There are 2 protein chains.
Amino acid sequence: MVTYSERVANAGVDKFSRRREELATSALETLAERGYANTGLRDIAQRSEFSHGVLHYYFQDKNDLIQHCVRQYKSECATQYDDIVATSQTADELDERFCAAMADTLRDEASMHRLWYDLRNQSMFQAELTPVIQEIDGLLERMIWTIVTRYAELRGRDPVVDSPLAYAMYDGMFEQALGAFLTGDLSALDAVAANCGRILRLIVP
Amino acid sequence: MVTYSERVANAGVDKFSRRREELATSALETLAERGYANTGLRDIAQRSEFSHGVLHYYFQDKNDLIQHCVRQYKSECATQYDDIVATSQTADELDERFCAAMADTLRDEASMHRLWYDLRNQSMFQAELTPVIQEIDGLLERMIWTIVTRYAELRGRDPVVDSPLAYAMYDGMFEQALGAFLTGDLSALDAVAANCGRILRLIVP
DNA sequence: GAGAATTCTTGACAAGTGTCCAGTAGGATG
DNA sequence: CATCCTACTGGACACTTGTCAAGAATTCTC
């Protein structure tokens with residue numbers, strides 16, 4: 001009898017961990033569509049090509065699966081704006097490309113962002129989720145701060161707020177735009193781009 | 001046979017609607033403690049002095065109950081800062097009292113705020129909730145805007161951002177502080193007060 | 001190709017979900 | 001006292017939930 005823990009221990013970049021990713025992807029899609037509260041393991045399995053029992057073969061329990069999902073979500077976000085920061089030559093170019101990218105991700109990945117907010121919120125009620133959520137939240141904060149400091153550098157000034165507050169402002173603004181966009185308000189796309197720049201110039205005057 | 005709709009129609013400020021409020025209060029407490037995803041009608045009834053069946057006597061279904069809860073929550077928030085705005089004599093006094101009040105509500109009503117974010121998020125997956133959520137969101141936005149414009153008035157200046165963006169910035173900042181506070185980070189109380197003032201001076205330079 | 005290990009399916013489990021309804025207690029009305 | 005209506009109980013319903021284990025199917029090893 002090979003226990004679950006032993007399977008995890010032996011898992012390199014082999015078939016086992018590849019299938020885990022595959023299942024986590026199905027889970028992410030289902031969660032993004034239906035929300036945490038309305039998604040069961042059978043819903044997730046149905047979207048994959050396997051039956052529901054297999055989820056307990058690859059994951060310890062539902063919590064383990066969710067945490068794996070969040071971690072996998074991370075890798076999609078991590079390097080999203082690195083290229084823009086690295087290749088923009090002027091402050092205005094950085095500003096413009098950053099704003100456009102924010103509007104694009106709102107349009108193209110709205111339900112994934114919705115899931116992120118859902119899970120982050122869920123972590124306020126379910127302490128087991130806190131570590132992995134904080135991990136990604138820190139990552140997003142650093143992402144924003146990288147843009148802000150690079151923008152300040154290009155303009156030869158200093159930001160007038162610190163990293164957490166800068167992130168919080170962008171986060172609140174984006175969440176608001178997401179809510180509007182999901183109710184069918186297409187002007188939220190323009191709004192997010194405009195507000196993106198406004199905040200930037202507010203932070204780096 | 002008296003149907004549910006007829007009971008609603010006849011409901012003035014009588015025993016019927018008072019009991020509805022009572023049950024909605026029990027529901028709010030339970031939801032704030034356990035979260036939307038982990039709260040059943042039996043959990044709610046258990047916190048009240050009635051059995052679970054009575055919930056369908058006073059509410060059409062779970063959704064009806066939730067919406068009633070949100071509306072009831074509203075009335076607690078509506079006039080929260082009106083007094084501060086009305087009685088503050090100087091910009092500095094308004095600033096200081098506003099910051100202190102934000103820190104207080106974070107400390108004293110953390111789980112209620114947590115529930116608010118939970119339900120607002122749930123409305124992104126459950127369209128029936130959208131109207132009542134937007135209603136309160138607009139109320140909160142107006143609350144913030146009242147403070148900002150009064151502060152600007154006292155300082156003889158104009159805000160440099162519009163109402164939605166001002167609200168979004170405060171909202172993001174408060175949500176961040178709430179998350180930190182719920183993990184036991186008591187410094188979030190000071191942070192929210194400090195950031196409150198920072199945003200104010202950012203918006204009204 | 002036989003045997004062993006891994007991978008996956010299927011059905012079952014106890015518990016929990018929202019909903020509904022027959023029935024009861026109790027007070028008001030006739 | 002009898003009748004009616006309101007308020008409430010508690011059990012039953014159909015269904016879903018996470019979890020698990022026995023066994024089948026597949027893949028790997030020799």
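As the structure is a prediction and not an experimental result, all values here were calculated from the model. Only this structure's heavy atoms are used, side chains among them; waters, hydrogens and symmetry mates stay out. Throughout, protein chains are lettered first and strands after them, A, B, ... in sequence-line order, and every chain is numbered starting at 1.
Look at CZ on A/F50: it is 17 Å from P on D/dA25, rounded to the nearest Å. To the nearest angstrom, P of D/dA7 lies 15 Å from CD of B/E49. Between A/I44 atom CD1 and D/dT19 atom P the separation is 11 Å, expressed in whole Å. Distance A/Q46 CD to D/dT16 C1': 13 Å, rounded to the nearest Å. Here C/dT6 presents its P atom at 12 Å from OH of A/Y58, a figure rounded to the nearest Å. Between the C1' atom of D/dT26 and the OH atom of A/Y57 lies a distance of 11 Å, rounded to the nearest Å.
Side chains of B/S48 and B/E22: a donor-acceptor N/O pair is absent below 3.5 angstrom, by distance only. No side-chain donor from either of B/D64 and B/Y58 sits under 3.5 Å from a side-chain acceptor of the other.
Applying the salt bridge (Lys or Arg N to Asp or Glu O under 4.0 Å) test to pairs two or more places apart or on separate chains, none has a residue in residues 187-197 of chain A. Here salt bridge (Lys or Arg N to Asp or Glu O under 4.0 Å) pairs that include residues 129-150 of chain A, with residues two or more places apart or in two chains, are A/R71-A/E135, A/K74-A/E135, A/R120-A/D137, A/R150-A/E153.
Residues that satisfy the salt bridge (Lys or Arg N to Asp or Glu O under 4.0 Å) test with B/D104, not counting sequence neighbours, are B/R107. The side-chain hydrogen bond (donor to acceptor under 3.5 Å, both in side chains) search around B/T30 returns B/R47, not counting sequence neighbours.
No donor-acceptor distance shorter than 3.5 angstrom exists from the side chain of A/E175 to the backbone of B/G172, with no hydrogens or angles considered.
The stretch residues 122-132 of chain A does not touch DNA chain D, since none of its heavy atoms comes less than 4.0 Å from the strand.
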Q: For nucleotides 13-23 of chain C, just jot down a letter per nucleotide in 5' to 3' order: B, S or -, based on protein non-hydrogen atoms under 4.0 Å.
A: ----BBBB---

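The environment of CD in A/E29 is crowded: more than 12 heavy-atom neighbours from other residues, nucleotides or ligands sit within 6.0 Å.
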